[in-house]
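Counting convention: from 1, in listed order, for ligands and their atoms alike. Nothing here was measured: the structure is a model prediction, and the numbers come from that model.
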Amino acid sequence: MGSVISQRDFFLGSKVIYQIYIRSFCDSNADGTGDLRGITSKLDYLKDLGIDYVWITPFFISPQADNGYDVADYRNIDPLFGTMEDFEELSQEASKRGIGLMLDMVFNHTSTEHEWFKRALAGDPTYLAYYKFVDAGPDATAQNPGEPPTNWESKFGGNAWEYVPSLNKWYLHLFDKTQADLNWDNPAVRAELVDVLRFWRAKGVNAFRFDVVNLISKPAGWPSDNTDGRHFYSDGPNIHEYLQEMVREGDIDGLLTVGEMSSTSLDACIRYTNPDCHELGMAFNFHHLKVDYPNAQKWALAKPDIPALRELFRSWQEGMTAGGGWNSLFWSNHDQPRPNSRFGDTDRYWYESSTLLPTCTHLMRGTPYIYQGEELGQTISDFTSIDQYRDVESINYYRILQEQGLSAEEAFQIVHERSRDDGRTPMAWDDTPTAGFTAGTPWLGIPANHDRINARSEMTDPNSVRAYFQRLIALRKEMPLIQVGDVRFLDAPSDKVIAYERTLGDERLVVQCNFSADEQPALGETGGRVLIGNYAEHKDGVLQPFEAYATML
Ligand code: TEU
C-alpha cells in the first residue's frame with residue numbers, strides 16, 4: 001500500500017465498538033425487555049472492558065415486527081425502551097466515561113405504521129411518491145392480484161411486493177411486508193432523512209450506523225431475471241450520489257459512521273469508505289459469514305470452508321488497504337448465530353474457540369466490533385421447539401423449509417443453527433434464573449449455560465474469555481502497529497490455518513490461527529515475543545486445537 005497513514009486511519013484504527021441489542025442487554029423495569037436505563041446501569045461494565053463507542057440497535061417508535069428495524073417515528077423513543085429523558089441521561093453518563101453513542105438509522109424502509117405510509121395508503125399523492133408503489137393490472141383483485149412488478153424475493157422469504165387492493169397498487173418491501181422501501185429517487189424523501197440525522201446531531205450524537213444502506217437505490221424499469229433480484233438493487237445505480245448528498249447535507253463527513261452493506265463488492269466498499277469520496281467511515285460486509293452456506297444458501301447446513309474464509313479476509317484486508325478504504329472487523333451481530341458455536345467447538349474447546357475468533361480479527365487492519373455477550377463466550381441458544389423463537393425471519397423459514405419438502409425435525413435443525421434469535425438471547429450478567437437480565441420474564445429464552453458463562457464470574461477470573469477481550473482491546477490502544485500498520489496474508493502450512501502479518505516501520509507482528517480441533521503445523525518462523533495467545537503454553541512448531549497466537553518479530 002501507499003505508506004501514507006492518514007488521520008482517518010488513526011481515528012478509526014484506535015477505536016473499538018461494542019454493539020448493544022437493546023431488547024436483550026439489560027431490563028431496568030422488569031417488563032422482560034431491555035431498555036435505555038438498563039444500558040445506563042451497565043456503563044461501568046463497558047468502561048471496564050475498554051470500548052470507545054456503543055452502537056445501540058433501534059429504539060425508536062416501532063410496532064416491533066422486526067424488533068425496531070421497522071421504524072414508525074424516527075424522532076421519538078418507543079416506550080418499550082424508555083423516554084427521551086432516559087436517552088439524554090444515558091448520553092451524559094456515557095460521555096462522562098468517555099464512551100460515545102452510535103445510533104442505528106434505518107433509512108432503506110419505514111414501518112407501514114409510519115405516518116408517511118399511512119398517508120400514502122389514504123391515497124395522498126405526495127406520500128405515495130415516498131415509497132415504491134407500482135400500478136397493478138386493470139383486472140387485479142385482492143384474491144387475484146396478478147403478477148407482481150418483479151420476481152424479487154424478500155430477504156425474509158416470499159415475493160418482495162405486497163398488493164394494496166384499495167389503491168390497486170403494489171409496494172416494494174425487501175424485508176417484511178410491514179417494512180416498506182422508501183423511494184430515495186424522490187428528493188423530498190432524501191431531505192426528510194437528512195432532517196432526521198440533523199435532529200440526532202443536535203442532541204449531540206456523533207456516530208451512526210446505517211442499516212442496509214447499499215440497498216437504497218433501485219434500478220429504473222423494474223427488471224427481473226432468474227435470480228432473487230439482489231444484484232439489481234445492491235450497490236444500486238445512484239448509491240454513491242445519494243450517500244454523498246446525505247453525508248454532506250447531514251454534516252457527518254469524517255465522523256464515526258458505518259454502513260451495513262448487503263451482498264456488496266470490494267470495489268463498492270472502497271468507494272463507500274475512501275475519505276476522498278466523502279461517503280462513510282467504514283463498511284460491514286458479510287461475505288466471510290457465508291462460508292458455511294452451501295451453494296450460498298443460508299437455510300441449509302455445512303461446515304465452514306476455512307480456505308474460502310482465509311481468501312475473503314485476504315482480499316478484503318489487502319484490497320481495502322490498497323484502495324484507501326476501511327474495514328469493520330466482526331464475527332457477530334444481532335443477525336448472526338453466535339460465532340464460537342459456528343466456527344469452533346464449544347463442547348470440547350469453548351474457551352479456545354471463543355478467544356481464537358477475536359484474536360483473528362482484532363489484530364487485523366480496521367475497526368473491531370464486539371457484539372454483547374461475545375466477550376463472555378456466549379453460545380447459540382439451546383431451544384428445542386419452534387415456539388421458543390420470536391424472529392419473523394426464523395418463523396417464516398421454518399414454514400418455507402417444510403413447504404419445500406423438509407420434515408419438521410429437519411427444518412427445526414436448520415433454524416436452530418441459523419436463526420437470528422441464536423444471537424439475540426439475553427446478555428448473561430450472572431448465574432441467577434433470569435441471568436441478571438430482568439426481574440420479570442425475559443422476552444426470549446436464556447441458554448442454561450449462563451450458570452457458568454456470565455459476566456459476574458468472568459469479571460473476577462483473570463483467565464476468562466472477557467479478560468482476554470480486555471487484553472486485545474488494550475493492545476489496540478497501545479500499539480500504532482495494530483491501529484494503522486500495513487497488512488499482508490501469509491501462506492500457511494495447513495488449509496485450516498489463517499495467518500497474516502502487520503508491519504509498521506521496523507515492527508512486525510505475525511498472527512496465526514488454527515480453525516480446527518486438530519493440531520496443525522505452525523509457520524516455520526521461530527523466536528520473537530508472544531504478544532497474546534489463547535494457550536498458556538505455546539508448543540514450538542505446532543498450533544494446538546483452536547489455538548491463536550500473535551508474535552512480535
Ligand atoms: O439486516 C440486513 C440483512 O440483510 C441481514 O443481516 C438480514 O437479517 C439477513 O440477511 C436475513 O437473512 C439489517 C438489520 O441488521 C436486521 O436486523 C434487519 O432485520 C434488516 O436490516 C431490516 O432492517
Side chain R342, main chain L289, donor-acceptor under 3.5 Å: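 Yes.
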Any donor and acceptor pair, going by atom type alone, linking the side chain of D27 with main-chain N or O of G32 inside 3.5 Å?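 Answer holds: yes.
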What do the steps show when you test Y69 against H334 for side-chain hydrogen bond (donor to acceptor under 3.5 Å, both in side chains), and what is the final call? CA-CA 12 Å; Y69 284 93; H334 64 292; 3.1 Å; yes
Could you say whether the N/O atoms of K155 and ligand 1 ever approach to under 3.5 Å?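 Such a contact does not occur with ligand 1.
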Which residue and non-hydrogen atom of the protein lie closest to atom 13 (C) of ligand 1, and at what distance in Å?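 Result for atom 13 (C) of ligand 1: D211 OD1, 2.9 Å.
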Note the single closest protein heavy atom to atom 15 (O) of ligand 1, along with its residue, its atom name and the distance in Å.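 I find the closest protein heavy atom is D335 OD2, 2.5 Å.
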Against heavy atoms of [X], which atoms of ligand 1 measure under 4.0 Å?
X: F156; value: 19 (O)
X: R424; value: 17 (O)
X: R420; value: 8 (O), 16 (C), 17 (O), 18 (C), 19 (O)

At a non-hydrogen distance cut-off of under 4.0 Å, which region of R209 contacts ligand 1 (side chain, backbone, both, or neither)?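 Looking at R209 and ligand 1, just side chain atoms fall under 4.0 Å.
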Tell me whether [X] reaches ligand 1 (any heavy atom closer than 4.0 angstrom to a ligand atom).
X: F286; answer: no
X: H109; answer: yes
X: K290; answer: no

Worked check of ring pair (Phe, Tyr, Trp, His ring centres under 6.0 Å) between F107 and Y74: CA-CA 10 Å; F107 284 175; Y74 291 102; 5.6 Å; yes
Please work out whether the ring planes of W443 and Y21 are parallel, tilted or perpendicular, with thresholds of 30° and 60°.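 Taking Y21 first and then W443, their aromatic rings sit tilted (interplane angle of 30° to 60°).
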Y233 and W152 aromatic ring geometry - parallel, tilted or perpendicular at 30°/60° bounds: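 The rings of W152 and Y233 sit tilted, inter-plane angle from 30° to 60°.
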From the options T110, T178, D70, select the one residue that forms a side chain to side chain donor-acceptor pair (under 3.5 Å) with S62.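 By the side chain to side chain donor-acceptor pair (under 3.5 Å) criterion, S62 pairs with just one of T110, T178, D70: D70.
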Is at least one protein non-hydrogen atom found at under 4.0 angstrom from atom 10 (O) of ligand 1?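 Given the 4.0 Å cut-off, atom 10 (O) of ligand 1 does not count as touching protein heavy atoms.
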Quick one, R75 with D73, criterion side chain to side chain contact (heavy atoms under 4.5 Å, CB included). Give me CA distance, side-chain angles, the key distance, then yes/no. CA-CA 6 Å; R75 291 180 180 77; D73 177 353; 3.8 Å; yes
